[in-house]
Amino acid sequence: MLEVIVGDITSLAIDAIVNAANPSLLGGGGVDGAIHRAAGPGLLAECRKLSGCATGEAKITSGYGLPARYIIHTVGPVWQGGTSGEDDLLASCYRRSLEIARDHQLRAIAFPAISTGVYGFPAARAAAIAVKTVTAARREDFEQIIFCCFSENSAAHHRRELSALHENDHP
Ligand code: ADP
């Protein structure tokens, strides 16, 4: 089931939440900062052992103080105008996060709107890529995939893309 909600991803009791991290995996602002604050210092200690993460890739850690069991950290592209491979890299974030979740037999996962904050990716374009990539993945392995948006505006972009794919009729 694909869902769009508006809320704080750190509050979700779910198998895995995805973090829009930076390449150091050592914390930052936005959703990354919120996740590190809510998870506590154990998360930073585990992240230090991961040696960072490439853009478009993803790595998993435990959820520590979060209600989520695991955190999948992915590094979105910084928007540079759209001709530097940003679309493919963003799609890769969603695809790799789902692959890692599947490898760990995780059945429910929530995504933030990766790259649409500090990294500056246009929200509507990012939502189209997010929805297209997730719907093209092997969704039958998952019970629940949530787009956890932080604003009504962001949620509206995701809902519009889902409607365009008739996902509302065939969730
Ligand atoms: P990036 O550096 O990938 O752009 P940001 O964290 O700056 O990452 O923003 C990514 C998205 O996450 C933005 O749409 C932002 O509004 C949203 N966001 C920020 N905090 C939270 C949160 N606690 N839960 C869900 N989404 C959040």
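Whatever order the structure lists ligands and atoms in, that order sets their numbers, starting from 1. On a predicted model such as this, the values are computed, not experimentally measured, just so you know.
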K.L.:
If hydrophobic clusters are built from ILVMFWY residues whose side chains come within less than 4.5 Å, do Leu2 and Ile114 share one?
P.N.:
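Result: yes, single cluster for both.
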K.L.:
Return the closest protein heavy atom for atom 27 (C) of ligand 1 as residue, atom name and distance.
P.N.:
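The closest one turns out to be Phe150 CG, 3.4 Å.
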K.L.:
Out of curiosity, is Thr116 lining ligand 1, as in a heavy atom under 4.0 Å away?
P.N.:
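It does, in that a heavy atom of Thr116 comes within the 4.0 Å cut-off of ligand 1.
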K.L.:
Considering only the protein, which heavy-atom contact is closest to atom 12 (O) of ligand 1, and what is its distance?
P.N.:
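For atom 12 (O) of ligand 1, the nearest protein heavy atom comes out as Val31 CB, 4.0 Å.
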K.L.:
For atom 24 (N) of ligand 1, grab the closest protein heavy atom and report residue, atom and distance to one decimal in Å.
P.N.:
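I find the closest protein heavy atom is Ile9 N, 3.0 Å.
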K.L.:
Going by the atom numbers of ligand 1, which of them fall below 4.0 Å from some non-hydrogen atom of Gly7?
P.N.:
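Near Gly7, the atoms of ligand 1 are 24 (N), 25 (C).
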K.L.:
Taking both backbone and side-chain atoms of Asp8, is any N or O found less than 3.5 Å from an N or O belonging to ligand 1?
P.N.:
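So ligand 1 has an N or O lying under 3.5 Å from an N or O of Asp8.
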K.L.:
In the protein, which heavy atom is nearest to atom 11 (C) of ligand 1, and how far is it?
P.N.:
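Protein heavy atom with the smallest distance to atom 11 (C) of ligand 1: Ala113 O, 3.3 Å.
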K.L.:
Please tell me whether Asn22 and Ser24 have a donor and an acceptor in their side chains that are separated by less than 3.5 angstrom.
P.N.:
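Asn22 vs Ser24: donor-acceptor pair found between side chains.
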K.L.:
Does some non-hydrogen atom of Gly28 fall short of 4.0 Å from ligand 1?
P.N.:
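Distance cut 4.0 Å: Gly28 fails for ligand 1.
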K.L.:
Got the closest protein heavy atom to atom 7 (O) of ligand 1, with its distance?
P.N.:
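Checked against all protein heavy atoms, atom 7 (O) of ligand 1 sits closest to Val118 N, 2.9 Å.
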K.L.:
Report yes or no: do Tyr64 and Ile14 belong to one cluster of Ile/Leu/Val/Met/Phe/Trp/Tyr joined by side chain heavy-atom distances under 4.5 Å?
P.N.:
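Yes; Ile14 is reachable from Tyr64 via cluster members.
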K.L.:
Give yes if a backbone or side-chain nitrogen or oxygen of Ala20 is under 3.5 Å from a nitrogen or oxygen of ligand 1, and no if not.
P.N.:
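Not met; the criterion fails.
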K.L.:
Determine, considering heavy atoms only, which of Gly117, Gly30, Ala34 sits nearest to atom 4 (O) of ligand 1.
P.N.:
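It is Gly117 whose heavy atom sits nearest to atom 4 (O) of ligand 1.
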K.L.:
With sequence neighbours excluded, tell me which residues meet salt bridge (charged side-chain N to carboxylate O under 4.0 Å, His left out) with Arg96.
P.N.:
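Counting only residues at least two positions away or on another chain, Arg96 forms a salt bridge (charged side-chain N to carboxylate O under 4.0 Å, His left out) with Glu57, Glu99.
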K.L.:
Could you check Ser151 against Asn153 for side chain to side chain donor-acceptor pair (under 3.5 Å), going step by step and ending with a plain yes or no?
P.N.:
CA-CA 5 Å; Ser151 69; Asn153 195 41; 5.2 Å; no
K.L.:
Test of understanding: clusters of I, L, V, M, F, W, Y form through side-chain heavy atoms closer than 4.5 Å, transitively. Do Ile145 and Leu165 belong to the same one?
P.N.:
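Yes, Ile145 and Leu165 fall within the same hydrophobic cluster.
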K.L.:
Is ligand 1 less than 4.0 angstrom away from at least one heavy atom of Ser115?
P.N.:
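In this structure, Ser115 qualifies as a contact of ligand 1 - some heavy atom is under 4.0 Å.
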K.L.:
Which of these passes side chain to side chain contact (heavy atoms under 4.5 Å, CB included) with Cys148: Val4, Ile17, Val18, Ile9?
P.N.:
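The option that passes is Ile9.
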K.L.:
Applying salt bridge (charged side-chain N to carboxylate O under 4.0 Å, His left out), name anything that partners Arg69, two or more places apart in sequence or on another chain.
P.N.:
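Testing Arg69 for salt bridge (charged side-chain N to carboxylate O under 4.0 Å, His left out), a comparison that skips the adjacent residues, returns Asp15.
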